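These notes are about the structure you will find just below.
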Amino acid sequence: MTTKRVVPLIFERSTPGRRGYRLPALDVPEVSIDQLIPQEHLRTQPAELPEVSELEVIRHYTQLSRLNHGVDVGFYPLGSCTMKYNPRVHEDVTSLPGFAAIHPYQPESSVQGALELMYNLSEYLAIISGLEATTLQPAAGAHGELAGLMVIKAFHAHNGEGHRNEMLIPDSAHGTNPASCAMVGYKVVEVPSDDRGGVDVEALKKLVGPNTAGLMLTNPNTLGLFDENICTISQIVHDVGGLLYYDGANANAILGIVRPGDMGFDVVHYNLHKTFSTPHGGGGPGSGPISVSKDLAPFLPGPVVRKEGDKYVFATPEHSIGRLKSFYGNFLVYAKAYAYILSHGPQGLREVSEIAVLHANYMMRRLQDVYYLPVDRHCKHEFVLSGMWQKELGVRTTDIAKRLLDYGYHAPTVYFPLIVDEAIMIEPTETEPKSTLDEFIEAMRAIAQEAKDNPENLTSAPHHTPVTRLDESRAARQPILRWQKS
Amino acid sequence: MTTKRVVPLIFERSTPGRRGYRLPALDVPEVSIDQLIPQEHLRTQPAELPEVSELEVIRHYTQLSRLNHGVDVGFYPLGSCTMKYNPRVHEDVTSLPGFAAIHPYQPESSVQGALELMYNLSEYLAIISGLEATTLQPAAGAHGELAGLMVIKAFHAHNGEGHRNEMLIPDSAHGTNPASCAMVGYKVVEVPSDDRGGVDVEALKKLVGPNTAGLMLTNPNTLGLFDENICTISQIVHDVGGLLYYDGANANAILGIVRPGDMGFDVVHYNLHKTFSTPHGGGGPGSGPISVSKDLAPFLPGPVVRKEGDKYVFATPEHSIGRLKSFYGNFLVYAKAYAYILSHGPQGLREVSEIAVLHANYMMRRLQDVYYLPVDRHCKHEFVLSGMWQKELGVRTTDIAKRLLDYGYHAPTVYFPLIVDEAIMIEPTETEPKSTLDEFIEAMRAIAQEAKDNPENLTSAPHHTPVTRLDESRAARQPILRWQKS
Amino acid sequence: MRYIPLTQAEKQEMLDTLGISSVQELFDDIPQHIRLDTDLDLPEALTEAELVKHFQALAQKNTDLNSVVSFMGAGAYDHLIPSAIKHIVGRGEFLTAYTPYQAEISQGVLQSTFEYQSLIAEITGMEVANASMYDGATALAEACLMACAATRRELVVLPSTLHPEWQEVVKLYLENQDVQIAYLPYDGQTGLIDAQALEGVNWSEVACVVVQQPNFFGLLENAACLGERIHEHGGLFIMAVDPISLSVLKAPGELGADIVVGDGQSLGNAMGFGGPSLGFFATSGSKLVRRMPGRVVGETVDTEGRRGFVLTLQTREQHIRREKATSNICSNQALNALVAAIYLNILGKEGYQEVGNHCLQKAHYFKQQILTIDGLSSPFSAPSFREFVIQGDVDWEEINLKLLEKGFLGGLPLDRYGLPGHVLFSVTEARTKEEMDTFTTLLRGLI
Amino acid sequence: MRYIPLTQAEKQEMLDTLGISSVQELFDDIPQHIRLDTDLDLPEALTEAELVKHFQALAQKNTDLNSVVSFMGAGAYDHLIPSAIKHIVGRGEFLTAYTPYQAEISQGVLQSTFEYQSLIAEITGMEVANASMYDGATALAEACLMACAATRRELVVLPSTLHPEWQEVVKLYLENQDVQIAYLPYDGQTGLIDAQALEGVNWSEVACVVVQQPNFFGLLENAACLGERIHEHGGLFIMAVDPISLSVLKAPGELGADIVVGDGQSLGNAMGFGGPSLGFFATSGSKLVRRMPGRVVGETVDTEGRRGFVLTLQTREQHIRREKATSNICSNQALNALVAAIYLNILGKEGYQEVGNHCLQKAHYFKQQILTIDGLSSPFSAPSFREFVIQGDVDWEEINLKLLEKGFLGGLPLDRYGLPGHVLFSVTEARTKEEMDTFTTLLRGLI
Ligand SMILES: Cc1ncc(COP(=O)(O)O)c(C=O)c1O
Ligand SMILES: Cc1ncc(COP(=O)(O)O)c(C=O)c1O
């Protein structure tokens with residue numbers, strides 16, 4: 001008997017005939033099913049769902065949850081993911097029946113509060129970006145990228161420039177950027193980085209041209225570095241008729257400090273589930289609104305909310321690209337971001353970015369003697385180290401990450417961005433107490449020491465987690481993707 | 001670094017100047033405090049409360065909770081405690097603002113729903129007990145005992161029999177019974193048990209007399225055995241003018257099967273936090289209503305709820321003993337018991353007891369070859385084994401209990417009742433799936449085997465818990481009962 | 001909706017194992033003639049959905065404080081409750097645990113209780129607090145009994161400015177142990193215990209004197225001199241305090257209190273029609289600690305020297321000492337104590353002081369506003385904290401019904417306590433100036 | 001209310017460590033002229049209490065389905081939601097976790113996702129399901145793209161009986177990749193895809209044909225023959241299904257579907273004004289699996305041979321394959337997928353069938369009742385599941401406003417979809433006979 005407890009699959013807890021929920025008795029006269037639905041449409045074998053009691057369901061998931069890390073459990077310095085604290089009250093207010101139990105097709109007059117929320121949030125996000133108009137429809141960051149790229153494409157087409165089919169993307173970019181380009185049929189043109197970690201301006205000049213649809217940029221980029229040449233860059237792209245797309249995954253560094261619109265961007269998407277603290281839920285739901293410039297506003301997907309007198313109404317922008325998702329996006333998610341903005345106010349939002357950046361620099365400076373720092377500049381809300389010194393000792397970044405789990409921390413993002421060898425991307429966020437940062441720094445330093453003294457303890461890590469290191473290649477080689485009745 | 005993680009005290013997380021909550025700005029003109037309150041009344045040193053952020057509070061308690069067992073986490077066969085499943089929906093319905101946010105002194109007309117609930121529940125409990133009237137005031141079982149004994153005392157006094165000052169209590173009784181007697185100034189007269197585990201009737205006959213105020217009985221008793229002589233016993237006590245008190249902690253065995261009133265009891269208290277599934281909350285809040293016979297009804301503490309036409313009103317019974325607690329008892333707790341009764345209905349409640357009893361007998365029979373069974377009879381909803389066979393091997397019942405923790409179970413109640421050497425009191429409840437019972441049986445059997453093969457593994461248990469065995473005598477010898485600023 | 005997972009097939013298996021043919025056989029030892037042969041006369045079972053509807057319908061018959069603005073206190077207070085609290089106490093590990101008898105898998109409950117004890121000790125200025133009592137009133141009753149036991153005296157002095165319901169509870173507890181009570185009248189002008197009356201007491205027989213601070217009228221008693229008086233004669237000084245007020249008012253420990261009790265509802269607990277709340281109980285000195293009722297958690301170490309927590313000093317308790325125990329209390333109000341602890345932690349040192357100050361400032365403002373209404377006056381002269389009494393020649397019960405229609409729950413009419421025309425208002429930090437002003441205007445119109 | 005714990009003293013310490021005098025210096029690399037020199041033009045910060053009030057005020061401007069009885073569906077359904085669900089998904093470990101990149105401390109999310117995949121595979125009768133998509137509409141769009149990639153064809157056949165919003169979404173996704181769409185008209189008498197129209201399609205160029213079952217009108221399409229037709233020509237058969245209906249209707253797997261998608265809102269998710277929901281996505285055959293968009297969890301073992309779960313087949317995904325990925329999706333709807341899984345588990349084999357049957361029975365009953373109203377008729381003859389269309393020469397928008405005043409949310413007027421006088425009703429197991437009868441009476445009065 002060991003502490004590593006494997007929780008059985010819920011299917012393995014099933015007992016024939018057991019029930020976990022009962023419906024009120026059927027109160028209408030029951031008609032035989034095949035009188036209502038022809039035989040050929042009827043299911044022949046009932047689905048083999050687990051047969052468990054409510055207690056078993058609660059216990060199953062309680063046990064599973066206890067195998068899981070979360071921001072509520074401990075530090076989660078996952079770079080590019082902004083794992084900040086998710087205020088509990090935001091959960092409360094968005095689960096009021098007035099939001100959680102309204103139908104998307106109710107008459108507008110009966111959902112004025114919901115429309116007001118959408119209107120306000122759209123305005124606020126436009127203000128934060130220094131842009132004109134917003135759609136709340138995208139369900140996540142990548143979906144926002146898709147929306148933004150479609151808008152750019154439609155804009156060019158509308159202007160008779162449908163031939164523009166190249167999107168410039170720095171080599172440090174997140175995988176969703178090129179993938180989103182592919183989704184709209186754009187060709188990806190990779191832009192190299194310079195030795196300050198920014199876009200190589202000279203290279204960029206050579207890459208732009210008449211087919212340039214635009215440039216997608218994360219700024220600060222995925223190295224956590226602000227591109228000092230941003231104005232030059234946007235000039236270069238705009239000069240050839242291209243548009244600038246801002247991947248707002250890193251907006252936690254710039255709130256109230258600098259606006260993408262002022263940097264020259266035409267489109268920005270936000271990851272509300274990062275910067276605006278809607279909880280990640282184990283991978284979603286997110287919300288990825290985009291704000292766009294005045295020129296692009298008519299192309300936004302619909303519906304958007306407009307204010308007419310003191311009424312709020314749905315409307316479709318003039319040249320709308322159409323619809324990207326059912327209904328109005330992840331309403332209950334972005335409602336939490338709305339709460340977040342109201343909780344912080346303008347000074348609070350600026351403070352968010354200031355402290356997020358201060359935290360990151362503090363950690364970076366306290367770690368750079370033991371982990372290689374590829375670019376030595378002030379970082380923004382996150383920074384990237386390299387495990388290459390440890391690699392020489394036979395310890396990979398994966399091993400460092402796994403060992404951190406033993407200390408009760410989630411690991412940083414690793415092996416991203418791709419341009420840094422053995423990358424370790426750390427984002428502390430502003431919501432962590434200094435004591436946590438200090439403790440984590442100590443753990444990282446202890447691990448660096450261990451890499452010298454006892455590397456096997458790292459390569460065999462983690463030791464104190466619910467399971468030890470899992471065999472990922474076996475999973476991919478012989479995929480078992482579902483439970484099978486045996 | 002080990003998996004045994006000690007969570008710091010919240011005080012140890014404190015940082016001067018940190019805040020976890022903010023009030024809305026003061027919107028009235030602020031007056032200097034000492035203009036409002038004379039200096040001599042003012043605090044001189046602010047209380048040294050922890051200074052922590054909301055994240056730290058959430059994380060602190062999330063981490064602490066993960067060190068804790070609960071019914072939601074796993075099996076909890078704690079005898080005499082009825083650790084059954086606590087339906088989630090009962091939490092929901094009782095936290096509606098219509099219940100959670102009403103003031104006890106609101107005009108009656110504005111709390112008719114609350115009064116209706118109190119009225120209905122009082123009626124239902126009276127029906128379940130086969131008695132006449134109920135008070136919902138007692139906050140827990142022991143408080144119910146107190147209420148019941150005070151009512152008995154008042155009744156005797158009212159009848160000019162104030163001299164009756166002896167309460168008969170079997171030696172198998174729970175500690176609260178004698179303690180409650182002391183609280184009303186009664187002398188405890190201990191009644192021995194016979195070899196069937198019941199009250200020794202012959203002994204009882206000798207112990208009753210003109211000073212007998214009554215008899216307190218748990219039936220089934222703390223051995224889990226129903227006293228077959230209950231009618232004789234009540235006859236004996238009633239014949240000398242005494243009253244019968246039913247400690248309803250074990251009511252999970254008798255719902256809809258036999259009513260305390262029909263057994264001859266005059267007062268019964270329920271532990272709603274046991275039989276009626278209001279969650280125990282780590283030790284409370286409970287709720288311990290008492291139902292009483294017609295003769296005793298006028299003495300109940302007030303207020304009780306009466307129905308006048310279609311209005312519900314508070315009223316005070318004619319000879320009320322007074323008041324046992326502020327307001328109306330643990331309203332939000334007994335509201336869950338009300339939900340429980342409605343969820344089950346009459347057949348459901350009977351099934352609760354039937355299956356609770358079936359489960360206990362099944363386990364008892366599957367364990368009696370490896371653990372000594374003191375009385376070999378059908379048990380009711382729980383049963384008591386003895387660890388005396390293991391004791392001979394140098395393993396105490398404590399060790400068995402501690403070892404069970406390693407298997408992910410809470411231990412049974414141990415060393416109670418006092419009349420069984422090395423007692424192990426197991427109560428499975430009706431809400432556990434059979435698979436859990438079987439797995440627990442296997443664990444108990446494995447431990448019995450281990451007692452033979454590897455007793456040290458038991459005496460040093462637990463091994464896989466957040467901390468290993470704690471030194472209780474040290475805690476009592478050098479009490480440290482609070483954090484001290486160092 | 002039944003929560004019984006056993007299937008027919010499994011039931012049969014169990015019956016087979018037992019060698020019986022029906023569950024009924026297991027009940028054969030119950031005399032046949034007393035066994036029920038019909039169903040209990042209760043409503044048929046409801047499904048979850050039906051239950052929710054039923055409760056929603058009942059709830060709708062109550063006017064809750066989300067829909068009206070309350071100025072009622074008198075022992076149950078409408079403070080702001082930080083959202084984080086319910087998210088923590090809703091966790092199954094806290095909600096569905098029993099008393100932490102198996103310490104090694106109960107460190108969550110034990111440590112949080114230890115912290116609760118520390119917090120209560122801190123705000124009261126006492127050495128030790130227990131793990132909670134049922135409520136403030138029962139805590140006070142037990143404190144009086146403890147004082148009697150500690151002093152071997154059988155007379156308790158109670159102020160008539162103590163909450164009337166608490167008086168009732170204490171009386172019931174004491175009279176059942178034949179303890180006598182002497183009451184200290186109050187001064188009609190100040191609203192405080194009449195200093196003169198102290199002279200009439202035979203202090204050398206008194207086990208303890210109780211003072212409630214602020215008293216039932218919201219006024220600040222001259223606690224210190226009572227404490228001195230009783231100590232001179234070897235009795236104990238018991239203070240019943242409001243935990244929010246302790247952020248502003250002198251700590252009972254500083255005033256020489258031997259036992260401090262109070263009701264913890266105001267520390268983040270739902271009002272819930274008056275319950276569940278918790279009673280806190282603190283004392284000082286190892287002699288008194290060993291006489292304390294209720295559970296207490298202590299620090300210790302495990303076999304590897306790690307800090308851990310256990311229930312301790314259990315020889316005071318009923319399950320060990322039976323009739324010789326310091327009390328019969330067993331289950332307490334653990335989850336409410338957890339709420340109180342979370343509340344104090346999340347408020348923190350500054351927030352706690354802020355709440356107290358806001359209550360004080362707003363109550364003061366409100367009182368000034370109310371007193372601008374012709375015909376209303378302030379009957380008592382002593383300083384107050386967040387409650388105060390107003391007098392006027394009106395029927396407050398009737399006025400309250402009218403106010404309710406306008407969305408306000410007025411103060412508590414004191415007619416039932418023998419003070420016709422008096423009403424007790426309470427103002428917490430949750431009230432806004434706008435609410436107070438609107439209320440004042442409305443009230444003016446009704447007087 | 002800011003959630004930033006750093007104190008002034010700590011801030012100074014950090015600045016000292018960095019050797020700078022103000023945080024501003026850290027932003028010096030941002031060109032001065034684009035840096036903001038004023039505050040953002042946003043409302044001032046609210047405290048928790050103020051925020052709650054603000055949201056309560058907004059919520060009150062919405063008429064929610066706790067206060068009215070709804071017969072509206074069309075993609076968002078008012079099913080009963082077992083209480084247990086929110087208690088589970090509220091646990092911080094699920095709520096505040098990211099995508100399970102560090103598998104060893106993410107077994108909770110990983111195993112529950114594996115179970116979710118298994119449940120979806122089970123109800124759809126398919127081999128494999130992914131970990132979720134944004135919603136049903138985007139799942140369908142991605143399914144079409146996947147079919148194009150798999151078949152190397154660029155024509156998709158869509159039924160005009162597909163939910164109009166889904167049509168829009170699919171169109172937008174496809175046109176951005178220059179995929180052509182051919183629409184199958186429906187038969188005005190049956191309400192189903194016009195069988196005749198199938199003849200007009202050049203099937204050998206078709207990447208896939210889509211059928212929605214039940215279709216937008218709630219009617220049951222003859223799915224099998226469409227599947228046969230496309231398979232004859234080497235294209236893929238995509239079914240967009242309602243997960244509640246699958247308890248009653250033939251599993252898509254049995255009908256030969258190659259890809260099955262649908263929206264999972266009805267599986268225990270709040271309606272939430274239309275989101276968040278989840279899209280489910282299932283397929284069969286290892287060739288197709290490797291083309292599937294989105295995350296997928298697989299079983300494996302740890303170094304000690306214990307079963308565990310990891311994200312797998314990641315070479316399909318954008319973070320590895322970038323522009324060659326099967327999709328750009330990254331975050332999905334994990335928590336909603338968890339809800340769906342809990343829902344299916346707590347309902348269980350029998351409960352799931354029961355829900356389906358109750359919907360069917362009640363919808364049937366309701367339709368009969370509605371048809372007793374003079375002037376109303378059923379325009380389509382095909383069998384339906386829990387939704388149906390009613391026709392009448394009336395203004396349904398106007399009628400709906402009147403019904404709302406009486407506490408009912410009527411069906412969806414189809415005017416906006418080119419069917420004036422038509423309305424789409426939905427009936428779930430949450431509706432009672434009494435509600436349906438009252439509605440019928442009311443409606444009769446309004447026609
Ligand atoms: C830089 C960047 N861009 C885009 C995304 C995609 O966001 P989402 O996961 O919400 O689709 C991410 C998320 O990891 C990101 O870090
Ligand atoms: C038999 C018996 N009587 C009385 C009690 C006391 O109940 P409570 O803890 O609610 O005061 C208990 C609880 O342990 C019990 O088991």
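So you know, we letter chains A, B, ... as the sequences are listed, proteins then strands, and number each from 1. Quantities reported herein were computed from a predicted structural model and do not represent experimental measurements.
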Task: C:I123 versus chain B, the contacting section by heavy-atom distance below 4.5 Å - done: both
Task: C:Y365, part contacting chain B, at a heavy-atom distance under 4.5 Å - done: side chain
Open item on the list: If I measure from the heavy atoms of chain C, does B:P24 come under 4.5 Å with its side chain, its backbone, both, or neither?
Closed with: both
- [ ] Pick one of side chain, backbone, both or neither for C:R321, based on which atoms fall under 4.5 Å of a heavy atom in chain B.
- [x] neither
TODO: Would you mind checking which part of C:E429 comes under 4.5 Å of any heavy atom in chain B, side chain (CB onward), backbone (N, CA, C, O), both or neither?
DONE: side chain
- [ ] With a 4.5 Å cut-off on heavy-atom pairs, point out which of C:I342, C:T315, C:I329 contacts chain B the most.
- [x] C:I342
TODO: Would you confirm whether the ring centroid of B:H378 sits within less than 6.0 angstrom of the ring centroid of B:F226?
DONE: no
TODO: Please flag which part of C:L412 lies under 4.5 Å from any non-hydrogen atom of chain B: side chain, backbone, both or neither.
DONE: side chain
Task: chain C contact via B:Y76 - side chain, backbone, both or neither, heavy atoms under 4.5 Å - done: side chain
- [ ] Say whether, by atom type as modelled, one donor and one acceptor occur between the side chain of B:H280 and the main chain of B:H273 under 3.5 angstrom.
- [x] yes
- [ ] Go through the atoms of C:Q353 and report whether side chain, backbone, both or neither lie under 4.5 Å from a heavy atom of chain B.
- [x] side chain
- [ ] Please flag which part of B:L23 lies under 4.5 Å from any non-hydrogen atom of chain C: side chain, backbone, both or neither.
- [x] both
Task: Residue pair B:S277, B:Y85: steps toward the side chain to side chain contact (heavy atoms under 4.5 Å, CB included) verdict - done: CA-CA 7 Å; B:S277 188; B:Y85 177 62; 5.8 Å; no
TODO: Mind checking salt bridge (Lys or Arg N to Asp or Glu O under 4.0 Å) for C:R35 and listing every partner two or more places apart, or none if nothing turns up?
DONE: C:D28
Open item on the list: Quick check on B:R377 against chain C: is it the side chain, the backbone, both or neither that has a heavy atom closer than 4.5 Å?
Closed with: side chain
Task: Residue part contacting chain B, namely of C:E254, when any heavy atom lies under 4.5 Å - done: side chain
Task: Interface moiety of C:V52 toward chain B, non-hydrogen atoms closer than 4.5 Å - done: both
Task: Heavy-atom pair count under 4.5 Å with chain C, highest-scoring of B:T431, B:L49, B:D262 - done: B:L49
Task: Backbone of C:L278 reached by a side-chain donor or acceptor of C:N336 within 3.5 Å - done: no
TODO: Can you tell which part of B:R350 gets under 4.5 Å to a heavy atom of chain C, answering side chain, backbone, both or neither?
DONE: side chain
Task: Interchain contact, B:N86 with chain C, by part (heavy-atom threshold 4.5 Å) - done: side chain
Task: Pair C:E115, C:Q111: side-chain N/O donor-acceptor within cut-off below 3.5 Å - done: yes
Task: Ring geometry between B:F331 and C:F273 (parallel below 30°, tilted from 30 to 60°, perpendicular above 60°) - done: perpendicular
Task: Result of checking C:V248, C:N345, C:L344, C:I346 against C:Y352 for side-chain contact (heavy atoms from CB on, under 4.5 Å) - done: C:L344
Open item on the list: Heavy-atom cut-off 4.5 Å, strictly under: side chain, backbone, both or neither for C:V289 against chain B?
Closed with: side chain
Task: For chain B, the option from C:P383, C:G272, C:A57 that forms the most heavy-atom pairs under 4.5 Å - done: C:G272
Task: Residue pair B:N330 / C:Q333, side-chain donor-acceptor N/O under 3.5 Å - done: yes
Open item on the list: Can you tell me which portion of C:H364 sits under 4.5 Å from chain B's heavy atoms? Options are side chain, backbone, both or neither.
Closed with: side chain
Task: Leading residue by heavy atom contact count with chain B [cutoff under 4.5 Å; candidates C:C330, C:S106, C:G75] - done: C:S106
Task: Proximity breakdown for C:V301 and chain B, heavy-atom pairs closer than 4.5 Å - done: both
Open item on the list: Which atoms of B:P479 are under 4.5 Å from chain C, going by heavy atoms: the side chain, the backbone, both sets, or neither?
Closed with: side chain
TODO: Could you label the plane-to-plane angle of the B:H174 and B:F416 rings as parallel, tilted or perpendicular, counting under 30° as parallel and over 60° as perpendicular?
DONE: perpendicular
- [ ] Give a yes or no on whether a salt bridge exists between B:R482 and C:E122, defined as a side-chain N under 4.0 angstrom from a carboxylate O.
- [x] yes
Task: Set of salt bridge (Lys or Arg N to Asp or Glu O under 4.0 Å) partners for B:K380, sequence neighbours left out - done: C:D29
- [ ] Count the heavy-atom pairs under 4.5 Å between each of C:M72, C:H319, C:E10 and chain B, then report the option with the highest count.
- [x] C:M72
Open item on the list: Is B:E91 in contact with chain C via its backbone, its side chain, both, or neither, using a 4.5 Å heavy-atom distance?
Closed with: side chain
Task: C:D302 side chain vs B:V467 backbone, donor-acceptor pair below 3.5 Å - done: no
- [ ] Select one option (side chain, backbone, both, neither) describing which atoms of C:R307 are under 4.5 Å from chain B's heavy atoms.
- [x] both
- [ ] Can you tell which part of B:E432 gets under 4.5 Å to a heavy atom of chain C, answering side chain, backbone, both or neither?
- [x] backbone
Open item on the list: Using heavy-atom distances under 4.5 Å, tell me whether C:T113 contacts chain B through its side chain, its backbone, both, or neither.
Closed with: neither
Task: B:R19 bridged to C:E354 by N-O distance under 4.0 Å - done: yes
Task: Side-chain ion pair, B:E48 and C:K349, N-O less than 4.0 Å - done: yes
- [ ] Could you label the plane-to-plane angle of the C:Y3 and B:H344 rings as parallel, tilted or perpendicular, counting under 30° as parallel and over 60° as perpendicular?
- [x] tilted
Open item on the list: Looking only at heavy atoms and a cut-off of under 4.5 Å, which of C:G90, C:A103, C:S118, C:A121 has the most pairs with chain B?
Closed with: C:S118
Task: Under 4.5 Å from any heavy atom of chain B - which part of C:T303 - done: both
Task: Pair C:E93 + B:R66: basic N to acidic O under 4.0 Å - done: no
TODO: Considering only heavy atoms and a distance below 4.5 Å, find which of C:F55, C:Y173, C:F94 pairs most often with chain B.
DONE: C:F55
